[in-house]
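We're numbering straight along the sequence, starting at 1.
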Amino acid sequence: MTDDTRSRRSVLAAGGAVAGVAALSACGAEPAPQQPAPNQPPAPSGRSLTPLAAVPVGGAVPVQAPDGRQAIVARPDESAVVAFDAACTHKGCPVKPEGAELKCPCHGSVFDALSGSVKKGPADRPLASIPVRVEGDQIVTA
């Protein structure tokens, strides 16, 4: 075997290793899934999630629930408010509000921001509802 042959093999082996590392790091670029807590008790009633004025009518905003998990608060109309656990029901990645939709950046599921229902899979279950109400100028846990 010549030095030239060993040199080519070294370059090819190194290139393969770099490609493998790049592929693995691309997989790691997905947002970390939010692990749903089984049998978690409901949040205490009256805990503020966000000011009512921060949520546009017909839209949604991300918030942090009192238990520390990510949540989504939406206003279907001027007087109604709803909230959902932000964990996608497919693999648990946190969904992101985009107008009247909630999109999962991991696998492409799309949910209706005002009802939590699935508009496009791979998710096949709606987002978990969080009971909320308006108290003064705040949206609070119910």
Side-chain angles (χ1 to χ4, degrees), residues 3-142:
D3 286 336
D4 192 33
T5 304
R6 274 188 238 141
S7 177
R8 282 190 209 131
R9 283 189 182 154
S10 298
V11 169
L12 290 174
V18 169
V21 169
L24 288 175
S25 64
C27 290
E30 289 182 357
Q34 178 175 312
Q35 296 301 318
N39 302 323
Q40 180 137 357
S45 181
R47 295 296 256 317
S48 178
L49 295 176
T50 189
L52 181 62
V55 185
V57 174
V61 297
V63 299
Q64 185 170 7
D67 63 6
R69 289 186 295 165
Q70 295 176 10
I72 303 292
V73 175
R75 283 179 77 181
D77 60 48
E78 192 68 38
S79 61
V81 293
V82 294
F84 307 99
D85 189 313
C88 177
T89 56
H90 175 238
K91 295 280 186 180
C93 292
V95 297
K96 309 278 187 237
E98 289 186 25
E101 294 182 330
L102 304 172
K103 296 185 177 181
C104 179
C106 294
H107 302 106
S109 292
V110 179
F111 299 86
D112 183 289
L114 307 179
S115 70
S117 63
V118 177
K119 293 178 82 174
K120 177 183 168 234
D124 61 0
R125 295 182 324 275
L127 295 172
S129 181
I130 298 172
V132 293
R133 68 177 188 271
V134 176
E135 192 173 279
D137 64 348
Q138 296 289 309
I139 298 174
V140 301
T141 53

**Least distance between heavy atoms, Thr89 atom then Ala123 atom** = OG1-CB, 3.5 Å
**Fill in**
Closest heavy-atom pair, Pro66 versus Thr141, reported as atoms and distance to 0.1 Å, is CG-CG2, 4.0 Å
**Prompt:** Below 4.5 Å, heavy atoms only, C-beta onward: do Leu52 and Ile139 meet side chain to side chain?
**Reply:** yes
**Message:** Would you compute the distance between atom NZ of Lys103 and atom NZ of Lys119 and round it to the nearest 0.5 angstrom?
**Reply:** 8.5 Å
**Flag, side chain of Ser48 to backbone of Gln138, donor-acceptor distance under 3.5 Å** = no
**Message:** Restricting to non-hydrogen atoms, name the atom on Pro97 and the atom on Ala60 that form the minimum distance, rounded to 0.1 Å.
**Reply:** CB-O, 3.6 Å
**Asked** Which pair of non-hydrogen atoms, one from Ala65 and one from Leu49, has the smallest distance, and what is that distance?
**Response** CA-CD2, 4.0 Å
**Asked** Do side-chain atoms of Arg75 reach the backbone of Val55 as a donor and acceptor pair under 3.5 angstrom?
**Response** yes
**Message:** To check you understand the geometry: which heavy-atom pair defines the closest contact between Ser45 and Arg133, and what is its length?
**Reply:** OG-NH1, 3.1 Å
**pair Asp112-Ser117: side-chain heavy atoms closer than 4.5 Å** = yes
**Prompt:** Can we say the SG-SG distance for Cys93 and Cys88 is below 2.5 Å?
**Reply:** no
**Request:** Examine distances only and state if a side-chain atom of Ser109 and a backbone atom of Cys104 form a donor-acceptor pair shorter than 3.5 Å.
**Result:** no
**Message:** Once rounded to the nearest 0.5 Å, what's the spacing between atom CD of Gln64 and atom CD of Gln70?
**Reply:** 8.0 Å
**Request:** Write down the atom of Phe111, the atom of Arg125, and the distance for their closest heavy-atom approach.
**Result:** CE2-O, 3.5 Å
**Asked** Distance from Thr50 atom OG1 to Ile72 atom CD1, nearest 0.5 Å?
**Response** 11.5 Å
